[in-house]
> 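Before I ask anything, let me first share the structure, which is written out below as structure tokens.
Numbers restart at 1 for each chain; the letters A, B, ... are given by sequence-line order, proteins then strands.
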Amino acid sequence: MNGPNASDPDAPKLRLRDVRKRFGANVVLDGIGLDIAAGESMVVIGGSGTGKSVLLKCVLGLLRPDSGSIEVDGAETVGLTGRARDRVNAHIGMLFQGAALFDSLPVWENVAFGLIQGRQTSRFAARARAMDCLDQVGLRRRVADLYPAELSGGMQKRVGLARAIAAQPDIVFFDEPTTGLDPIMADVINDLIVATTKELGATALSITHDMASATKIGDRIAMLYKGRLIWVGAAKEVFDSGNAHVDQFVHGRADGPITEEAEAQAG
Amino acid sequence: MGGERGRGRKGQDGVNFLAIVGRVFLAFVLQVGRFSIFTGRAVSHMVRPPFYPRLIARQMVEIGYYSLPVVGLTTLFSGMVLALQSHTGFARFSAEGAVATVVVISLTRELGPVLAGLMVAGRIGAAMAAEIGTMRVTEQIDALSTLSTNPFKYLVAPRLIAGVTMLPLLVLVGDIIGVFGGYVIGTTKLGFNPATYIARTAEFLQVLDVVSGLIKAAVFGFVIALMGCYHGYHSRGGAQGVGAATTNAVVSASILILILNYMITELFFAQ
Ligand SMILES: Nc1ncnc2c1ncn2[C@@H]1O[C@H](COP(=O)(O)OP(=O)(O)OP(=O)(O)O)[C@@H](O)[C@H]1O
Ligand SMILES: [Mg+2]
């Protein structure tokens, strides 16, 4: 048993054990177990409303799992609050599903937020770093002084990406980075994710419904269904997984076990 | 556990009634608990460093400076109408001389803080609830936590600090403007000699009249900001939830202001 702050060099970067979360009668996570090695890029796929975002929020401590353990670098994080939680989250960058940019702040301050507030970097140095990050995600420098509301959805996603990587985290979460973007922009974002995580050497956990994106950014893929990870395997194997549920999902078929079970439940 | 019992005894109306009472009571206790925890956390972050001077300054300008016209107009006309009303009323027992005193004492003790409080509750309480509520439903508050920034420190504390410090200043200015309104009516319409009116205003005014009003103002400023932040912070469910939070913030702040106003008055002046 590891103590709360024990750090084991051989431990996976992120280890989830039997994580459960329910909202009233709605059981969302029903025993999730997952190991992600340092430097690995893991993608979680699954239908709408299966609890993918809830899973990320549990790891970030925004939601508290009902039971189970979530270890970051071998140290338990469930139940951490205040400073201790801040110390863990300082290692994690997060791209939210809806970007979640601060609309009262200009773009550059959004990107530099974690540096200015979290690390007390001077505003001048933080601005310079924000400019670098905007370059990295392919945004022109003149957007730096615009406000988020003045940007298109794709640009907001990129600003969100820049904000997630600005503090050079070891772990990055991407919640549906390509949803709502045109196919070309989606591929640009995929490339950005691969490039930025490679550059940072970061461990990545991404969520997506977009199979092109999943196979491009993921080393391994896991499928979340009915609160459990029903399949975990190498990204290349996802199209011939031998699992009927995964098959239906990755080929986007209307007929298959997922729809049959949903109908049986409804009927 | 609760669900099973409810299903098992569905037929028995008496039990169902008790279940409803129980549920309402539990919901109420839960609310009170949630509110107390929120207040405790808010106050602890309000008095402990680090502070965010930029954010505090921005809120002070928002509350103090931009509320000046509203508060100024309200107290100006209140001072004017007070002079007019007390003059016609007191004429019945030949006490017109008390007009100046009545105007200044009612303004500093009651009308200044209460009117300014209610106006600012409508203006600022609503704005705070809407802003923080929108941040909640668009996950900006979650984003704050992931960027190692405590939402209480960053969002709530600056608003509370600005509310507690700015409302007394607003009320002080409002008092002066209101007394001026009474003076204008007294000297132009009611035929008072300007020097006499001013002398009468100062003659019976006590420090406690003004100070009690300013203490009320500080309490009201705290309540307004607290209600705005609390309802915004706990809003859920998109635009509709933010709308409800805004309404609740204004209504609860207004009611609390009127109740606390009575309690503070009793504390200071009841013998
Ligand atoms: N704060 C909450 N309170 C109550 N229920 C919630 C909350 N957050 C999520 N849920 C419920 O949890 C379930 C999973 O939601 P989640 O947002 O994780 O879905 P998702 O897999 O990310 O879907 P999508 O792909 O559409 O984003 C949903 O049924 C949702 O209603
Ligand atoms: Mg989601």
> Considering only residues two or more places apart or on different chains, which pairs with a residue in residues 213-223 of chain B satisfy salt bridge (Lys or Arg N to Asp or Glu O under 4.0 Å)?
E110(B)-K216(B)
> Under 4.5 Å from any heavy atom of chain B, what part of L60(A) do you find: side chain, backbone, both or neither?
side chain
> Could you pull out the closest heavy-atom pair between A100(A) and A143(B), with the gap in Å?
O-CB, 3.8 Å
> At a heavy-atom separation under 4.5 Å, does L101(A) approach chain B through its side chain, its backbone, both, or neither?
backbone
> Examine whether an atom of F102(A) lies under 4.5 Å from a heavy atom of chain B, and if so say whether it belongs to the side chain, the backbone or both; otherwise answer neither.
both
> When you scan chain B against chain A, which donor-acceptor pairs turn up at less than 3.5 Å?
residue, atom, partner, partner atom, Å
E139(B), OE2, K57(A), NZ, 2.6
Q140(B), OE1, D103(A), N, 3.3
Q140(B), NE2, D103(A), OD2, 3.2
S148(B), OG, D86(A), O, 3.3

> Under a 4.5 Å heavy-atom cut-off, does chain A meet the side chain of I141(B), its backbone, both or neither?
neither
> Kindly write out the residues that satisfy ring-ring contact (aromatic ring centres under 6.0 Å, His included) with Y66(B), not counting sequence neighbours, or none if the list is empty.
none
> Heavy-atom distance under 4.5 Å to chain B: side chain of L105(A), backbone, both or neither?
side chain
> In residues 239-246 of chain B, what donor-acceptor pairs under 3.5 Å come from side-chain atoms, sequence neighbours left out?
residue, atom, partner, partner atom, Å
T246(B), OG1, V242(B), O, 2.7

